[in-house]
2 protein chains.
Amino acid sequence: MVTAEKSTEQIRRDTILQAGVEVFLEYGYVSASVDEIVRRAGGSKRTVYKYFGNKEELFAAIIGSLATQMLSPLGAAFDGDSNLQETLEKLGKVYLDVLLREDSLAIFRTVVSEGVRFPELAKTFFLNGPNAAVTRLSSYLGQQVKSGSLKLGDTHAAARQYFGMIRSDLHMRAALGLDLPTEDEINTEVNRAVAMFVREYSIK
Amino acid sequence: MVTAEKSTEQIRRDTILQAGVEVFLEYGYVSASVDEIVRRAGGSKRTVYKYFGNKEELFAAIIGSLATQMLSPLGAAFDGDSNLQETLEKLGKVYLDVLLREDSLAIFRTVVSEGVRFPELAKTFFLNGPNAAVTRLSSYLGQQVKSGSLKLGDTHAAARQYFGMIRSDLHMRAALGLDLPTEDEINTEVNRAVAMFVREYSIK
DNA sequence: ATGCTAGGGTACGGGGCAGTACCGCGATTA
DNA sequence: TAATCGCGGTACTGCCCCGTACCCTAGCAT
């Protein structure tokens, strides 16, 4: 029978992945134990090792899927009937909301600390995560340039610069576990960045 | 005898600290072993535990001292006889040079991954490290405002914004172990940030 | 109903590490 | 020179964890 219905094997695999997400993000790669994952997922270690081979592969499978789904809410910012300023504002707020969520921070912490040991994984995370936002904005800026409402040479560099301003030190503070900005602080930060960006690049 | 000369105890303590720096930054807190530190420092575990009590305290002592000395080269940027633009450029380059050094990245990775477990340590790192640069620039900007060459309300926010632009995604990429920017890329990034900052806030 | 296979539960082997105990040597002091 | 103290070297204890092996049950096919 060929249907879209998940096989029991797929279900078991997903259950393990979900438990793995929890445990790896809570403890980090080194301190996470496969036994704990099994405890939360149910089943036995045998099954885990059947599906994923070893701890490293399980970890890689988890981070790969997480990075992709993390920044998926960003598409909403490009709704078509907003002007440049509104789009940038919306984009900045959504970006910060996503990046400052506790699970995003946990992914970031884990990938940063294990990036040297798992280079392929760090690359996947960056490309599907933070850099996906840059690519998206860059292409939007390209449209604006063509339509004559923006004047700038390197759209990719401008996009990186924009997100740099947006992150400010908010992301670093949050990643270090120091504090999370309030809604007001986020708005202030975004407005400040948008104002600067628009004044610099828009055609008056 | 009371002199500035280091006692043998002080020397042993420093040797252990130095070896601890190497090992903790190379392996991260969890994977670092006290045995390895002893191997590199010479001496015995007994001595380590006499001076530092346990692994956590040794780690804390190391990170605390590292953060402070990390950004000490920043003072050179404020040499007095440079104008705003030159000062910002110099500051940005020195800041990136420091932040992108392999040992700075190693500290960052370690503190990010252990910040939740050691909140006090993360705070120390941030205040003596990245935030010290912000404070320094903020006070410089305050002078410029008073002397009438700058127009901006919140110098601290502006300083955070400036360093956000400077870091762009260069620091994140490097922290993830992806790539280090070339000298040219750094210059381009800094020049772009300075141009934008000056255009926004300086009095024409 | 009976045989079989996949997977849950658990125990185990090999290895590593934090922190402690012990022995012996070398230096310091009287 | 003799006694003492402190430190280096090392072994040891208790603990944890990865990956594998083994038993046993439950569901499926014949």
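Excluded from the calculations below are hydrogen atoms, water molecules and symmetry mates; all remaining heavy atoms, backbone and side chain alike, are included. Chain A is the first sequence line, chain B the second, and so forth, proteins listed ahead of strands; every chain is numbered from 1.
- Under the rule for a salt bridge (charged side-chain N to carboxylate O under 4.0 Å, His left out), B/Glu89 has no partner lying at least two apart in sequence or in another chain.
- Atom C1' of nucleotide D/dG9 and atom CZ of B/Arg39 are separated by 13 Å, given to the nearest angstrom.
- The main-chain N or O of B/Asn131 is found under 3.5 Å from a side-chain atom of B/Thr135 such that the two form a donor-acceptor pair.
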Check residues 22-32 of chain A and write down every donor-acceptor pair under 3.5 Å in which the side-chain atom is one partner and the other belongs to a residue at least two apart or another chain.
residue: A/Glu22; atom: OE1; partner: A/Arg40; partner atom: NH1; Å: 3.1
residue: A/Glu26; atom: OE1; partner: A/Arg40; partner atom: NH1; Å: 3.3
residue: A/Glu26; atom: OE1; partner: A/Arg40; partner atom: NH2; Å: 3.2

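- Near-neighbour residues of DNA chain D inside residues 20-32 of chain A, defined by a heavy atom below 4.0 Å, number-ordered: A/Ala32.
- Between B/Ile186 and B/Leu100, the closest side-chain pair of non-hydrogen atoms falls below 4.5 Å.
- A heavy atom lying under 4.0 Å from DNA chain C marks the following residues of residues 40-61 of chain A, by number: A/Gly43, A/Ser44, A/Thr47, A/Lys50.
- Between the side chain of B/Ser113 and the backbone N or O of A/Arg109, no donor-acceptor pair lies under 3.5 Å.
- You'll find the side chain of B/Tyr140 stays beyond 4.5 Å of the side chain of B/Arg136, heavy atoms only.
- Side chains of A/Gln69 and A/Leu66 form a contact here, defined as non-hydrogen atoms less than 4.5 Å apart.
- Here the side chains of B/Ile107 and B/Val21 are not in contact, with every heavy-atom distance at 4.5 Å or above.
- For the side chain to side chain donor-acceptor pair (under 3.5 Å) condition, the pairs that include at least one residue of residues 166-177 of chain B, sequence neighbours left out, are A/Arg160-B/Asp169, B/Tyr95-B/Arg167, B/Ser168-B/Glu189, B/Arg173-B/Asp179.
- The footprint of chain A on DNA chain C, defined by a heavy-atom cutoff below 4.0 Å, extends from C/dG7 to C/dG9.
- Panel note: side chain A/Thr47, backbone A/Gly43; no donor-acceptor pair is recorded below 3.5 Å.
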